[in-house]
Amino acid sequence: MEREYLGAAVINLIYLIGLLPALYLVERFGRKPTLYWAFLVCSISLFILGAISGLNVPFVFILALFVIYGTFNTGMGAHTWIYPNELFPTHIRGTAMGFTTGVARIASAIGTFFSPAIMATYGLAATLYICGALLFIGFLVSLFMAPETKNMSLTESISLNKSKDIEQDSFASKKTAN
């Protein structure tokens, strides 16, 4: 293996290490707790990394925090493929999955685009604090707003939506009624 690919290989190995237990834990403990704990652990990891940036801290400690962050971040990312499928009704599930995936990709692109500018302007510590704060917001949103769908059928999980069924008001259903 060439040296320039070694870093990517190690990062992907860490992601795999995080993904396998995440898939097990999502089924064992549920979607909501595995989501909000992952947000919280990632947030704390970045806050600690921000606090120690510029200090003479052993490399092993910094590496451990990044491994913890990467592992939990990957576990959190697994929810992207599980959770929306359980929350949206069948007739819009494909569109909703495409939309949520698109929003996640756009947000990632925006973050990737602005991170170097934020780091150049405000420094490493502030950048890590900002990312940690965004993850903490994700923790709060998932803690207070995410429904639990563990051990529910798709019919049960989509009925968690208290609003009117989208299909009842759709253009297609009105057209076929005429």
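Here the structure is a predicted model, which means the values were calculated and not measured.
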Check: Looking at residues at least two apart in the chain, or sitting in another chain, which of them share a ring-ring contact (aromatic ring centres under 6.0 Å, His included) with Phe139?
Finding: Phe136
Notebook entry, point to check: Taking only residues two or more places apart in sequence, or in another chain, which ones meet Thr34 in a side-chain hydrogen bond (donor to acceptor under 3.5 Å, both in side chains)?
Noted result: His79
Check: Measuring from Leu23:CG to Arg28:CZ, what's the distance to the nearest 0.5 Å?
Finding: 15.5 Å
Next item on the list: Spell out, as yes or no, whether a donor-acceptor pair under 3.5 Å connects the side chain of Thr101 to the backbone of Gly98.
Entry: no
Checklist line | Spacing of Thr121 atom OG1 and Ile118 atom CD1 [to the nearest 0.5 Å] | finding: 8.0 Å
Next item on the list: Only pairs at least two apart or in different chains count here, so list each salt bridge (charged side-chain N to carboxylate O under 4.0 Å, His left out) that has a residue in residues 114-131.
Entry: none
Next item on the list: Look at the side-chain heavy atoms of Ile, Leu, Val, Met, Phe, Trp and Tyr, link any pair under 4.5 Å apart, and say whether Ile137 and Met145 land in one connected group.
Entry: yes
Next item on the list: Heavy atoms only: give me the nearest Lys32-Pro147 pair and the separation to one decimal.
Entry: CB-O, 4.3 Å
Note to self: Give me each pair satisfying ring-ring contact (aromatic ring centres under 6.0 Å, His included) with a member in residues 108-130, each pair once, sequence neighbours excluded.
What the structure shows: none
Checklist line | Between CZ on residue Arg93 and CG on residue Asn85, distance to nearest 0.5 Å | finding: 6.5 Å
Margin query: Return the CG to OG distance between Leu140 and Ser43, rounded to the nearest 0.5 Å.
Written below: 9.0 Å
Note to self: Is there a path of hydrophobic side-chain contacts, each under 4.5 Å between heavy atoms of I/L/V/M/F/W/Y residues, joining Phe144 to Val41?
What the structure shows: no
Checklist line | Path from Val60 to Leu13 over hydrophobic side-chain contacts below 4.5 Å | finding: no
Checklist line | Where Val57 and Ile62 come nearest, the two heavy atoms and their spacing | finding: O-CD1, 4.0 Å
Notebook entry, point to check: How long is the span from the CG atom in Leu20 to the OG1 atom in Thr71, to the nearest 0.5 Å?
Noted result: 11.0 Å
Check: Linking I/L/V/M/F/W/Y whenever any side-chain heavy atoms sit under 4.5 Å apart, do Tyr36 and Tyr24 land together?
Finding: no
Margin query: According to ring-ring contact (aromatic ring centres under 6.0 Å, His included), does anything in residues 37-61 pair up with another residue at least two apart or in another chain? List the pairs.
Written below: none
Next item on the list: With sequence neighbours excluded, tell me which residues meet salt bridge (Lys or Arg N to Asp or Glu O under 4.0 Å) with Glu27.
Entry: Arg31
Checklist line | Shortest non-hydrogen separation from Phe29 to Pro33 and the atoms involved | finding: O-CG, 3.2 Å
Notebook entry, point to check: Where the side chain of Asn73 meets the backbone of Tyr69, is there a donor-acceptor pair that is under 3.5 Å apart?
Noted result: no
Item checked: From OG1 (Thr149) to CG (Leu87), nearest 0.5 Å -> 6.0 Å
Next item on the list: Provide the closest heavy-atom pair for Met119 versus Leu124 in the form atom of the first, atom of the second, distance.
Entry: SD-CD1, 3.7 Å
Item checked: Stepwise side-chain contact (heavy atoms from CB on, under 4.5 Å) test for Phe72 and Ile68 -> CA-CA 6 Å; Phe72 278 85; Ile68 290 168; 4.0 Å; yes
Checklist line | Closest approach of Gly123 to Thr127 (non-hydrogen atoms, all atoms of both residues) | finding: O-OG1, 2.8 Å
Check: Under 4.5 Å between any side-chain heavy atoms of Leu46 and Leu65, yes or no?
Finding: no
Next item on the list: Please examine the side chains of Cys131 and Leu128, heavy atoms only from C-beta on, and report whether any two atoms are closer than 4.5 Å.
Entry: no
Margin query: Grouping I, L, V, M, F, W and Y whenever their side-chain heavy atoms are under 4.5 Å apart, do Ile82 and Phe88 come out in a common cluster?
Written below: no
Note to self: For a quick test of reading the model, state the closest non-hydrogen atom pair linking Leu135 to Cys42 and the distance between them.
What the structure shows: CD1-CB, 3.7 Å
